[in-house]
Amino acid sequence: MTIQDAEIIIVGGGLAGLAAAVSIARAGFDTIHLAPAAPPDRRTSALMMPSVDFLLRAGLIESPAAVGHPLTAIRIIDATNRLIRAPETLFESTEIGQPAFGWNFANAKLLERFGAAAPATGLSTRNAAVVAYHRENGLGHVSLADGTTLSAPLVVGADGKKSLIRSAAGITAREHAFGEAALVCDLELGRPIGNTSIEFHYPHGPFTLVPAGEKRANLVWIDEEKLLRETQAAGPEALLAALRTRSQNLFGSIALASPSFVFPLSVLSVAEAGRDGTVLVGESAHAFPPIGAQGLNLGLRDVADLVAVLAEADRSAPDWALTASTAYARRRSGDLQRTGGMVDALFRSLLAEMIPAQALRAGGLWALKLLPPLRRSAFGIGMGQRRA
Ligand SMILES: Cc1cc2nc3c(=O)[nH]c(=O)nc-3n(C[C@H](O)[C@H](O)[C@H](O)COP(=O)(O)OP(=O)(O)OC[C@H]3O[C@@H](n4cnc5c(N)ncnc54)[C@H](O)[C@@H]3O)c2cc1C
């Protein structure tokens, strides 16, 4: 008979995997976290207030101000030459009675903070990648490159878009790749943008400056992958010239404050987020273009729901992990469908060349600009507030 090595094994050392490992171990589960060394995560994440509240409740951060920068307003500028253009629109968090919509964090800083919140006992972290996974006799068995096999009743796949755990567990995923990608880098601006995130909407996607404190901003530029790679390859001067043009020279001087990185974009969804003792969190379960700041927000809601399901688990029952994985899949299904559908539709509407789609989008922004109740309910959905 195989002996279990832990109650739960979590695979993947990104933000979703680390948040899951630390909060599950803090909840009293004997946990192994398999987190192979990975290149530094240069992305930044705008997290909406419900996600920030979760991080505080779970003890993953002590104060957002110690790690990030507040986002109190969002300005949208239609920079297309389309026939039907949207109005320039400013959304402020005070309209929904909140001091901020959320906070902007460097992923590397969040990883550091989550790691510091790990409990002294109950969590064993290993710098090891999984090469195979199967289930037998009520246990999930993960094989590591050095030939070791580790076993646990519940296995959490937090191993990103190309998840091995997902495919080995037979969970079907659908992925659609776009021709667009996102270029990210840090900028030092001549004129500060305060706490306002500024989005210029171009035909191939938004060019967004997210405030990172004082004159710093994090750029997320979505455009055709070919154009982004060519601009990047042409060197820093060519990149800066493109950034000045795209930002309509609104910010005085612009200097690069970090190297730039390009991320190809796709949407990925799964038929179910868990079954038969395996569950998926973060990008192993869902991925989409970084618009409306949803990816990690959704990943943290996965973690919050997993912790809630585990709090109700009866660990004396022999099949507790199977029950928990089914309960988790059921609990996540509505949110995954709703958020995935919303971001996909929004992204396609931003790219749409068809006049009716342009009219709908422009009309939508006019409606948001003019109708306060609609603005409030749109904010609620964008911020990931749950439906009753
Ligand atoms: C440009 C850009 C901007 C974004 N901005 C925002 C934003 O503002 N707000 C927001 O909410 N979201 C944002 N996102 C999305 C967010 O960054 C992701 O949702 C989040 O970082 C995904 O975390 P993850 O842990 O699920 O996946 P990953 O970060 O991909 O981590 C997966 C981990 O699994 C490990 N792994 C892979 N295979 C194995 C294996 N076989 N064994 C063991 N480990 C393995 C990898 O090494 C990696 O560390 C953005 C994304 C991009 C691309």
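Each ligand, and each atom within it, is numbered from 1 in the order the structure gives.
- Judged by distance alone, with hydrogens and angles left aside, the side-chain atoms of Glu7 form a donor-acceptor pair with the main-chain N or O of Asp30 at under 3.5 Å.
- Within the 4.0 Å cut-off (strictly below), no protein heavy atom is located near atom 46 (C) of ligand 1.
- Residues Lys161 and Ser284 have side chains that never bring a donor and an acceptor to within less than 3.5 angstrom of each other.
- Counting only heavy atoms of the protein, atom 22 (C) of ligand 1 lies nearest to Glu283 CG, 3.5 Å.
- When the options Leu111, Val142, Leu296 are ranked by their closest heavy atom to atom 11 (O) of ligand 1, first place goes to Leu296.
- Residues Ala285 and Leu280 come closest through the heavy atom pair CB-CB, 3.9 Å.
- Within the listing of ligand 1, atoms 26 (O) sit less than 4.0 angstrom from a heavy atom of Gly282.
- Under the 4.0 Å criterion applied to side-chain N and carboxylate O atoms, Glu112 and Lys109 are not assigned as salt-bridge partners.
- Short contacts between ligand 1 and Ala129, defined as distances under 4.0 Å to a heavy atom of the residue, involve ligand atoms 42 (N), 43 (C).
- Residue-level proximity to ligand 1 for Lys161 is absent, since no heavy atom of it falls below 4.0 angstrom.
- Protein heavy atoms are absent from the space less than 4.0 angstrom from atom 14 (N) of ligand 1.
- Residue Ser45 places no N or O, backbone or side chain, under 3.5 Å from any N or O of ligand 1.
- Taking only nitrogen or oxygen atoms, main chain and side chain alike, Ala16 reaches within less than 3.5 Å of ligand 1.
- Residues His141 and Ser151 bring a donor and an acceptor atom of their side chains to less than 3.5 Å of each other.
- Within the 4.0 Å heavy-atom criterion, the part of Arg43 lying near ligand 1 is the side chain and not the backbone.
- Below 3.5 Å of separation, one finds an N or O of Ala46 facing an N or O of ligand 1.
- Asp223 and Arg246 are joined by a salt bridge, as a carboxylate oxygen and a charged side-chain nitrogen come within less than 4.0 angstrom of each other.
- Not a single heavy atom of Leu265 sits less than 4.0 Å from an atom of ligand 1.
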Could you check Gln232 against Ser260 for side chain to side chain donor-acceptor pair (under 3.5 Å), going step by step and ending with a plain yes or no? CA-CA 7 Å; Gln232 191 187 38; Ser260 60; 3.1 Å; yes

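- Surrounding CD of Glu175 are more than 12 heavy atoms belonging to other residues, nucleotides or ligands, all under 6.0 Å away.
- Cation-pi geometry between Arg315 and Phe29 is satisfied (NZ or CZ under 6.0 Å from the ring centre, within 45° of the ring normal).
- Summarising the geometry, atom CZ belonging to Arg75 is positioned 10.0 Å from atom CD1 belonging to Ile193; distances are rounded to the nearest 0.5 Å.
- Heavy-atom minimum distance, Ile32 versus Ala6: CG1-CB, 3.6 Å.
- Distances below 4.0 Å separate heavy atoms of Ala158 from the following atoms of ligand 1: 32 (C), 33 (C), 34 (O).
- For atom 49 (O) of ligand 1, the nearest non-hydrogen atom of the protein is Gly14 N, 3.5 Å.
- Atoms of ligand 1 lying under 4.0 Å from any heavy atom of Asn297, numbered from 1 in the order shown and given with element: 10 (C), 11 (O).
- Those atoms of ligand 1 with a heavy atom of Val184 less than 4.0 angstrom away are 1 (C).
- Taking the six-membered ring where tryptophan is involved, the planes of His176 and Phe178 are perpendicular, since the angle between them exceeds 60° and thus also 30°.
- In this structure, atom 36 (N) of ligand 1 lies nearest to the protein heavy atom Asp159 CB, 3.8 Å.
- Residue Ser284 has no N or O atom closer than 3.5 Å to an N or O atom of ligand 1.
- The protein heavy atom nearest to atom 4 (C) of ligand 1 is Pro290 CB, 3.5 Å.
- Taking only nitrogen or oxygen atoms, main chain and side chain alike, Val130 reaches within less than 3.5 Å of ligand 1.
- Looking at every heavy atom in both residues, Thr72 comes nearest to Phe101 through O-CE1, 3.8 Å.
- Close approach of ligand 1 to Val11 is summarised as follows: ligand atoms under 4.0 Å from at least one heavy atom of the residue are 42 (N), 43 (C).
- Within the listing of ligand 1, atoms 4 (C), 5 (N), 6 (C), 8 (O) sit less than 4.0 angstrom from a heavy atom of Thr44.
- In Glu62, the CD atom is not crowded: 12 or fewer heavy atoms of neighbouring residues, nucleotides or ligands sit closer than 6.0 Å.
- For atom 30 (O) of ligand 1, the closest non-hydrogen atom on the protein side is Gly160 CA, 4.0 Å.
- Look at Gly299 and you'll find every heavy atom at least 4.0 Å from all atoms of ligand 1.
- A pairwise comparison of heavy atoms in Leu123 and Ala25 identifies CB-CB, 3.7 Å as the closest pair.
- Those atoms of ligand 1 with a heavy atom of Gly12 less than 4.0 angstrom away are 34 (O), 35 (C), 44 (N).
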